Amino acid sequence: MRQEPAPLTRHLRVRRERGHTVLEFRGEIDLAAASEITPHLDRETDRPGARVVIDLSRIEFFDCSGLRLLLRARSRVLDRDGHLLLVCAHPLTLRVLKITGLSRMLPPQPTLDAALGQPEATPGSV
């Protein structure tokens with residue numbers, strides 16, 4: 001039986017899976033949640049060549065603070081020649097990602113398995 005990792009915050013769980021660091025956002029991702037998540041996100045995206053997945057499958061709400069977290073993670077990972085993947089299947093969140101253009105920069109995958117099954121991009125790409 002697989003045990004779920006303890007949360008770092010009410011809005012974030014971090015675990016290792018198939019050579020990737022999975023940052024699982026949970027609940028309502030707003031300004032307060034983003035301020036809790038940011039230090040952990042920064043720590044996990046600070047390593048050169050980091051392979052990171054941000055999983056939004058357990059979110060209930062996602063505002064511009066959440067978008068800033070995604071952009072921050074993308075920028076930090078790319079600056080360190082890493083690889084960033086996104087998991088999102090929630091229709092409203094997908095719509096926000098599409099409207100803002102973020103879905104072109106960080107194409108969402110419907111499941112964690114689908115994201116982890118993606119071929120590795122060249123260093124420096126998402």
Side-chain angles (χ1 to χ4, degrees):
M1 185 165 111
R2 186 169 137 180
Q3 185 177 7
E4 189 163 318
L8 288 173
T9 77
R10 187 169 46 131
H11 302 285
L12 179 67
R13 284 191 169 78
V14 177
R15 67 180 183 277
R16 307 285 184 250
E17 193 159 326
R18 293 188 234 169
H20 289 76
T21 300
V22 178
L23 303 175
E24 182 183 282
F25 292 12
R26 296 174 152 251
E28 296 185 4
I29 307 303
D30 55 14
L31 185 59
S35 67
E36 288 178 12
I37 291 170
T38 297
H40 304 288
L41 180 136
D42 285 354
R43 184 181 65 241
E44 298 299 335
T45 58
D46 195 39
R47 294 183 314 280
R51 296 167 53 185
V52 178
V53 178
I54 296 180
D55 185 351
L56 302 180
S57 61
R58 294 184 184 246
I59 63 165
E60 298 163 8
F61 175 80
F62 194 79
D63 71 6
C64 61
S65 300
L67 293 173
R68 279 193 298 274
L69 286 172
L70 295 179
L71 289 169
R72 181 182 188 96
R74 181 180 183 273
S75 174
R76 291 175 59 81
V77 168
L78 289 178
D79 286 349
R80 292 158 181 82
D81 294 324
H83 186 68
L84 179 64
L85 298 166
L86 177 66
V87 174
C88 181
H90 190 276
L92 292 176
T93 305
L94 287 171
R95 184 169 182 224
V96 169
L97 294 173
K98 185 176 181 179
I99 289 169
T100 60
L102 193 54
S103 63
R104 286 190 309 274
M105 294 188 297
L106 192 56
Q109 299 298 314
T111 66
L112 182 59
D113 282 337
L116 294 175
Q118 292 293 303
E120 281 292 315
T122 57
S125 65
V126 172

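Index from 1, following the sequence. Predicted, not measured: the structure shown is a model, and the values here were computed from it. Just so you know, these numbers use all the heavy atoms, side chains as well, and skip hydrogens, waters and symmetry mates.
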Exercise. Roughly how far, to the nearest 0.5 Å, is the NE2 atom of H20 from the CD1 atom of I54?
Worked result: 12.5 Å
For this session: Give, for atom CG of L70 and atom SG of C64, the distance between the pair rounded to the nearest 0.5 Å.
Result: 12.0 Å
For residues 109-116, tabulate all N or O donor-acceptor pairs below 3.5 Å that involve a side-chain atom, not counting sequence neighbours.
residue, atom, partner, partner atom, Å
Q109, OE1, Q118, NE2, 3.2
T111, OG1, A114, N, 3.0
D113, OD1, R18, NH2, 2.4

Exercise. In Å and rounded to the nearest 0.5 Å, what is the CZ to CG distance from R15 to L23?
Worked result: 10.0 Å
Exercise. Is it true that V52 and L71 fall in one hydrophobic cluster, defined by side-chain heavy atoms closer than 4.5 Å?
Worked result: yes
For this session: Mind listing the closest non-hydrogen atom pair of A33 and I29 along with its distance?
Result: CB-CA, 3.9 Å
For this session: Heavy atoms only: give me the nearest T45-R80 pair and the separation to one decimal.
Result: O-CD, 3.2 Å
Seminar exercise, completed: Residues passing the salt bridge (Lys or Arg N to Asp or Glu O under 4.0 Å) test with R104, sequence neighbours excluded, are none
Exercise. Sequence neighbours excluded, which residues qualify as side chain to side chain contact (heavy atoms under 4.5 Å, CB included) partners of R72?
Worked result: T38, L41, D42, R76
Exercise. Are R16 and E44 ion-paired here, with the side-chain N under 4.0 Å from a carboxylate O?
Worked result: yes
Problem set entry | For D55 against S57, the heavy-atom pair lying closest together | OD1-OG, 2.7 Å
Problem set entry | Intermediate values then yes/no, side-chain contact (heavy atoms from CB on, under 4.5 Å), L31 and R68 | CA-CA 10 Å; L31 185 59; R68 279 193 298 274; 4.2 Å; yes
Problem set entry | Gap separating the CZ atom of R26 from the CZ atom of R13, nearest 0.5 angstrom | 3.5 Å
Seminar exercise, completed: Sorted by chain and residue number, the side chain to side chain contact (heavy atoms under 4.5 Å, CB included) partners of S103 (sequence neighbours excluded) come out as L97, K98, P108
Problem set entry | Within-4.5 Å side-chain heavy-atom neighbours: T21 and R47 | yes
For this session: Please name the pair of heavy atoms, one in I59 and one in L56, separated by the smallest distance, quoted to 0.1 Å.
Result: CG1-O, 3.1 Å
Exercise. Taking only residues two or more places apart in sequence or in another chain, which ones pass salt bridge (Lys or Arg N to Asp or Glu O under 4.0 Å) with R43?
Worked result: none
For this session: Please round to the nearest 0.5 Å and tell me the distance separating atom NE2 of H11 and atom CG of D30.
Result: 6.5 Å
Problem set entry | Pairs where residues 88-97 contributes a residue and the test salt bridge (charged side-chain N to carboxylate O under 4.0 Å, His left out) is met, not counting sequence neighbours | none
Exercise. Do the side chains of F25 and L12 get nearer than 4.5 Å, heavy atoms only?
Worked result: yes
